[in-house]
Structures are given as structure tokens and as C-alpha cells.
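See below for the structure under consideration.
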Amino acid sequence: MRMIIFGPPGAGKGTQARRIAERYGIPAISTGEIFRSNIKNETALGLQVKEILATGGYVNDDITNAIVADRLAQEDCAPGFLLDGYPRTAEQVDALDVELAARSNELDAVLELTVDDEEVVGRLLKRAEIENRIDDTEEVIRERMAIYHRETQPLAAMYAARGLLVQVDGLGDIDDVSLRIGEALDGRVR
Ligand code: ADP
């Protein structure tokens, strides 16, 4: 199973990604988490991207593409993978296509979690109290939403044209959303 999960900030991608990955026995790869762990460990990459994450912008495509290519080359990705938060730009879609073609691999599904903007802003502000993420202030959240709608949401149409898009309503409690995802993905599993 090779798939992508995407949706606006706060849609619950990370939580659902971990569940899907467990269910299909594939690694969940979150570019956001990779960046955050590099920031935490103060690596060269972390220092380079810290300010970008703090303001809600997107990390440069070349950097992000290289990180994902490296990760996909690791052995645990042979049976499949779930990309969470990548691709986020049209250029990243192209880079992923090249990467997959080089391995004679194809995507099985692209899952879009749909949610209402105001609902997710509320969720993120609540999470901010618990997780203390540098990018969970209201101003930065609004910026991340705006960038998402401008750069990433349009990618849904590209994958829909390829017959890969699966849209699932991300509102409701975590278990309900997981059930919906399970039903929507059944039949696409390899
Ligand atoms: P969310 O989608 O909730 O904002 P993520 O953990 O997916 O959280 O991403 C956090 C931040 O990491 C993004 O706001 C962005 O700065 C950076 N990031 C993650 N993935 C990408 C990507 N594919 N391209 C560029 N920047 C990314």
C-alpha cells in the first residue's frame, strides 16, 4: 500500500496516519515530524528550517524533496508507506512522481481529510495548550491555513484526475473518522 494523507492543519492527519500505518503494516512518514525532530536536536537542517516552521511557511521544495527521497530509499518502505504532509506543492507532486517511477512504484490512494476551517482553528488552539508546538499560535495557524488553501488544497484535483483521490469527512470523533477511512480505503489495498 503506497499512499498519501493530506488535509488542512489540525484535520487530524497525524493521528489517523499512525492508525492507517499500523493497520497496513507500513511506515507513516511525516515531513512535519522530521522537521520538528531536527529542530529539537539542533541539527544543521533544524537550524535552517526553525524560523520557517515558527512562522507557518513551507520549507523549500528542494530540501523537502531530498529528505523524502532519502526516507523512501530505506528498507522499511519496500512494502509500502504512508506520506503525511507530503507532497504539499505541485513541485513536490512532480518530484514524488519521479521518485516513484525510478522504483517502478505507483500510488494506490490519496486520502484527503476534509474539515471546516473554524473547527480546526479551535482544535489547534486546544492542542497548543497541551503540546506547546511553536507554530500553534492563532496568527501562525491562520497563516498555515491560508498557505494550505493556496498551495496544497489544489493538489486534490490533480490526484482526482488520476483516479486516486479518496475524500473522507474528518469531523467527528477519532474512532468514527478511522472507521470512515477504513471503509473508504477498502478495495484499494494491495
Ligand atoms: P500541520 O499540517 O498541522 O501544519 P505538519 O506537521 O504536517 O503540521 O507540518 C508542520 C510544518 O512543517 C509546516 O507548517 C511546514 O512549515 C513544514 N512542512 C511539513 N511538510 C512540508 C512539506 N511537504 N513541504 C514544506 N514544508 C513542510
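When a residue number appears, it is its place in the shown sequence, counting from 1. Just follow the structure's listing: the first ligand is 1, and inside any ligand the first atom is 1. Computed from a prediction, not measured in an experiment: that's the story for all the values here. Just so it is clear, the values below take in all heavy atoms, side chains as well, and ignore hydrogens, waters and symmetry mates.
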Practice problem: Check whether any N or O atom of D84, backbone or side chain, sits under 3.5 Å from an N or O atom of ligand 1, and answer yes or no. | Solution: no
Practice problem: Give yes if a backbone or side-chain nitrogen or oxygen of G85 is under 3.5 Å from a nitrogen or oxygen of ligand 1, and no if not. | Solution: yes
Who's the nearest protein heavy-atom neighbour of [atom], and how far?
{"atom": "atom 22 (C) of ligand 1", "result": "R88 CD, 3.3 Å"}
{"atom": "atom 26 (N) of ligand 1", "result": "V59 N, 3.0 Å"}
{"atom": "atom 10 (C) of ligand 1", "result": "R36 NH1, 3.6 Å"}
{"atom": "atom 16 (O) of ligand 1", "result": "G57 O, 2.5 Å"}
{"atom": "atom 27 (C) of ligand 1", "result": "F35 CE1, 3.7 Å"}
{"atom": "atom 3 (O) of ligand 1", "result": "R144 NH2, 3.3 Å"}

Note: [X]-[Y] ion pair, threshold 4.0 Å (strictly below):
{"X": "R142", "Y": "D136", "value": "no"}
{"X": "E139", "Y": "R144", "value": "no"}
{"X": "D175", "Y": "R180", "value": "no"}

Exercise. Any chance you could lay out the salt bridge (Lys or Arg N to Asp or Glu O under 4.0 Å) test for R18 and E22, step after step, and finish with the verdict?
Key: CA-CA 6 Å; R18 282 186 288 276; E22 200 169 309; over 6 Å; no
Quiz item: Is ligand 1 less than 4.0 angstrom away from at least one heavy atom of R133?
Solution: yes
Quiz item: Do you know which of N41, V49, L47 makes side-chain contact (heavy atoms from CB on, under 4.5 Å) with L45?
Solution: V49
Quiz item: Just heavy atoms, cut-off under 4.0 Å: does Y58 contact ligand 1 by side chain, backbone, both, or neither?
Solution: both
Self-check item: Those atoms of ligand 1 less than 4.0 Å from some heavy atom in Q92
Solution: 22 (C), 23 (N), 24 (N), 25 (C)
Quiz item: How long is the span from the NE2 atom in H149 to the CG atom in D117, to the nearest 0.5 Å?
Solution: 3.5 Å
Per-pair distances, 0.1 Å, donor-acceptor, side chain in residues 67-76, under 3.5 Å, sequence neighbours excluded:
unit_1	atom_1	unit_2	atom_2	d
R71	NH1	Q74	OE1	3.3
R71	NH1	D76	OD1	2.9
R71	NH2	D76	OD2	2.7

